[in-house]
Amino acid sequence: MKGNRLYIPVENHKSRMRPLLSGEEAGQLMEDAGKIGSLSVPDYKHREENYKEALKSCDCREWLKVIHTLRQKKAERTERGKKLPSMDAKYLQIAEDCLYTELSIALNLPEEKIESLIREEL
């Protein structure tokens, strides 16, 4: 992504920036993926808030929790012949996009490979 620029107003205190994961950190995250667990969603009605907070944290471990939680939910609903609610599907897609892109860059692997490795771990 050489040559790309990101503009953030200096007065914008809500912007959260952090360095990308290093290759070593990304590798460790991949190793730990199966042990990280699920996101705690105590109240079904407020689950969207939980998903948003996890995504806003800019913490790859929280993104993994969202992915793990929503994949479990999707599997349970599929067994009952139901689909994942559209809001949950939206947050699953956002979390996967964020995580796979960052890990892809850090590990210099295609996103498809990252996705298959994460699926194996979870």
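Predicted, not measured: the structure shown is a model, and the values here were computed from it.
- Taking 4.0 Å as the cut-off between side-chain N and carboxylate O, Arg119 and Glu115 count as a salt-bridged pair.
- A donor-acceptor pair is defined here as one N or O able to donate and one able to accept, closer than 3.5 Å; such a pair exists between the side chain of Ser104 and the backbone of Leu109.
- For the residue pair Asp97 and Thr101, the shortest heavy atom distance occurs at O-OG1, 2.7 Å.
- Atom SG of Cys98 and atom CD of Glu62 lie 13.0 Å apart (nearest 0.5 Å).
- Nearest heavy atoms, His46 versus Asn50: O-OD1, 2.9 Å.
- Between Tyr51 and Ile94, every side-chain heavy-atom pair lies at or beyond the 4.5 Å cut-off.
- Smallest separation of non-hydrogen atoms from Leu39 and Ala54: CD1-CB, 4.2 Å.
- Leu103 and Ala26 make their closest contact through CD2-CB, 3.6 Å (heavy atoms, listed as atom of the first residue, atom of the second, distance).
- For the pair Leu107 and Gly23, the tightest heavy-atom approach, listed with the atom from each and the gap, is CD2-O, 3.6 Å.
- For the atom pair NE2 (His68) and NZ (Lys65), the distance works out to 11.5 Å, reported to the nearest 0.5 Å.
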Exercise for the section: Show your working on side-chain contact (heavy atoms from CB on, under 4.5 Å) between Asp88 and Arg47 and close with a plain yes or no. Expected result: CA-CA 9 Å; Asp88 292 342; Arg47 70 190 191 284; 2.9 Å; yes
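- Going from atom OG of Ser38 over to atom NZ of Lys73 covers 12.0 Å, rounded to the nearest 0.5 Å.
- The CG atom of Asp59 lies 8.5 Å from the CG atom of Leu29; values are rounded to the nearest 0.5 Å.
- Separation of atoms CG (Leu64) and CE (Met30) is listed at 8.5 Å; rounding is to 0.5 Å.
- Under the ring pair (Phe, Tyr, Trp, His ring centres under 6.0 Å) criterion, no residue pair touches residues 100-122, with sequence neighbours excluded.
- Atom CG of Asn108 is surrounded by 12 or fewer heavy atoms from other residues, nucleotides or ligands within 6.0 Å.
- With sequence neighbours left out, the side-chain contact (heavy atoms from CB on, under 4.5 Å) criterion links Thr78 to Lys74.
- The two residues Leu92 and Arg71 have their closest heavy-atom pair at CD1-CG, 4.3 Å.
- Side-chain contact check for Gln93 versus Lys90: every heavy-atom pair is 4.5 Å or farther apart.
- Rounded to the nearest 0.5 angstrom, Glu25 CD and Leu20 CG are separated by 10.0 Å.
- Between the Trp63 side chain and the Leu55 main chain, a donor and an acceptor come within less than 3.5 Å of each other.
- The salt bridge (charged side-chain N to carboxylate O under 4.0 Å, His left out) search around Arg61 returns Asp32, not counting sequence neighbours.
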